[in-house]
Amino acid sequence: MHYELTAKVFKALGDPTRLQIVDMLSCGERCACDLLELFDFTQPTLSHHMKVLINAGIVKTRKVGTWHNYSLNESHMKALSTIVQDLRQNTDDCICNTIANKNCSVNNREKVKPNKDNTW
């Protein structure tokens with residue numbers, strides 16, 4: 001697993017506005033002007049969010065005249081889905097296969113449960 005790249009993607013998706021933009025783009029390509037109408041912030045703020053998403057490989061852009069059209073980078077989104085799946089299961093290349101268990105094995109650990117407000 002590429003931890004640096006994966007962390008960059010999760011950091012980009014860690015902002016609620018960017019997550020909402022990704023959700024909107026799941027329906028297909030959108031013009032910046034259309035996205036901008038849905039938020040209460042300026043064009044430079046939208047540009048910042050889009051730059052973060054593009055740099056993380058989540059979104060791609062296509063310029064049409066003076067506007068930019070944005071869409072999800074489908075190949076990277078499929079890779080992200082695979083990464084999430086790999087994080088929750090033991091695969092051959094999982095880091096857990098390279099570390100030895102000590103006396104504090106999983107069976108001896110206290111189970112961690114979320115609080116009432118769904119925080120850890």
Side-chain angles (χ1 to χ4, degrees):
M1 177 179 296
H2 302 283
Y3 293 112
E4 295 287 329
L5 180 59
T6 303
K8 189 175 187 177
V9 169
F10 282 123
K11 186 174 181 180
L13 292 174
D15 180 276
T17 299
R18 289 193 285 270
L19 195 54
Q20 188 175 3
I21 290 169
V22 168
D23 192 21
M24 290 173 184
L25 295 178
S26 70
C27 298
E29 185 178 77
R30 302 257 183 213
C31 176
C33 58
D34 293 334
L35 291 171
L36 199 53
E37 288 180 10
L38 302 170
F39 294 100
D40 187 29
F41 51 67
T42 63
Q43 186 275 327
T45 301
L46 177 64
S47 292
H48 167 75
H49 286 301
M50 300 315 294
K51 181 179 178 182
V52 171
L53 291 169
I54 291 167
N55 288 341
I58 299 167
V59 171
K60 56 186 181 177
T61 184
R62 182 174 65 89
K63 190 167 183 177
V64 179
T66 59
W67 289 101
H68 288 85
N69 285 359
Y70 299 103
S71 60
L72 292 181
N73 185 333
E74 290 298 330
S75 62
H76 287 191
M77 292 304 288
K78 288 178 185 173
L80 176 61
S81 178
T82 301
I83 288 168
V84 170
Q85 186 68 23
D86 288 350
L87 282 172
R88 54 178 298 272
Q89 63 186 355
N90 181 358
T91 59
D92 290 338
D93 62 345
C94 183
I95 195 170
C96 65
N97 292 320
T98 64
I99 54 177
N101 285 334
K102 304 277 185 191
N103 291 334
C104 58
S105 68
V106 173
N107 296 330
N108 295 332
R109 290 187 198 153
E110 186 178 315
K111 297 205 183 251
V112 178
K113 296 180 182 178
N115 297 326
K116 290 179 183 177
D117 61 353
N118 287 328
T119 60
W120 294 98

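A quick note: this is a predicted structure, and the numbers were derived from the prediction, not measured. Sequential numbering from 1 along the given sequence is applied to the chain's residues. Basis for what follows: all heavy atoms, side chains included, without hydrogens, waters or symmetry-related copies.
Put simply, Phe39 and Leu13 are part of the same group of oily side chains (I, L, V, M, F, W, Y) that touch within less than 4.5 Å, one to the next. Linking Ile, Leu, Val, Met, Phe, Trp and Tyr whenever their side-chain heavy atoms come within less than 4.5 Å leaves Val59 and Val52 in two separate clusters. Neither Trp67 nor Met50 shares a network with the other; the hydrophobic side chains, linked directly or stepwise wherever heavy atoms of I, L, V, M, F, W or Y lie under 4.5 Å apart, form separate groups for each.
Salt bridge present: Arg62 and Glu29 bring a charged side-chain N and a carboxylate O closer than 4.0 Å.
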Quiz item: What do the steps show when you test Phe41 against His49 for ring-ring contact (aromatic ring centres under 6.0 Å, His included), and what is the final call?
Solution: CA-CA 11 Å; Phe41 51 67; His49 286 301; 5.7 Å; yes
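For the pair Ser71/Leu25, no side-chain contact is recorded, criterion being any heavy-atom separation below 4.5 Å from C-beta on. When side chains are defined from C-beta on, Ile58 counts as touching Met77, because their heavy atoms get closer than 4.5 Å.
Under the 3.5 Å distance criterion, the side-chain polar atoms of Arg18 are matched with a main-chain donor or acceptor of Ala12. A donor-acceptor distance shorter than 3.5 angstrom exists from the side chain of His76 to the backbone of Gly57, with no hydrogens or angles considered.
Checking Ser75 against Asn73 by side-chain atom types alone, a donor-acceptor pair falls below 3.5 Å.
Of all heavy-atom pairs spanning Met24 and Leu38, the tightest one is SD-CD1, 3.6 Å. A pairwise comparison of heavy atoms in Thr17 and Asp15 identifies N-OD1, 2.9 Å as the closest pair. The shortest non-hydrogen separation linking Lys8 to Ala56 is O-CB, 4.0 Å.
For Ser26, there are no side-chain hydrogen bond (donor to acceptor under 3.5 Å, both in side chains) partners at least two apart in sequence or on another chain.
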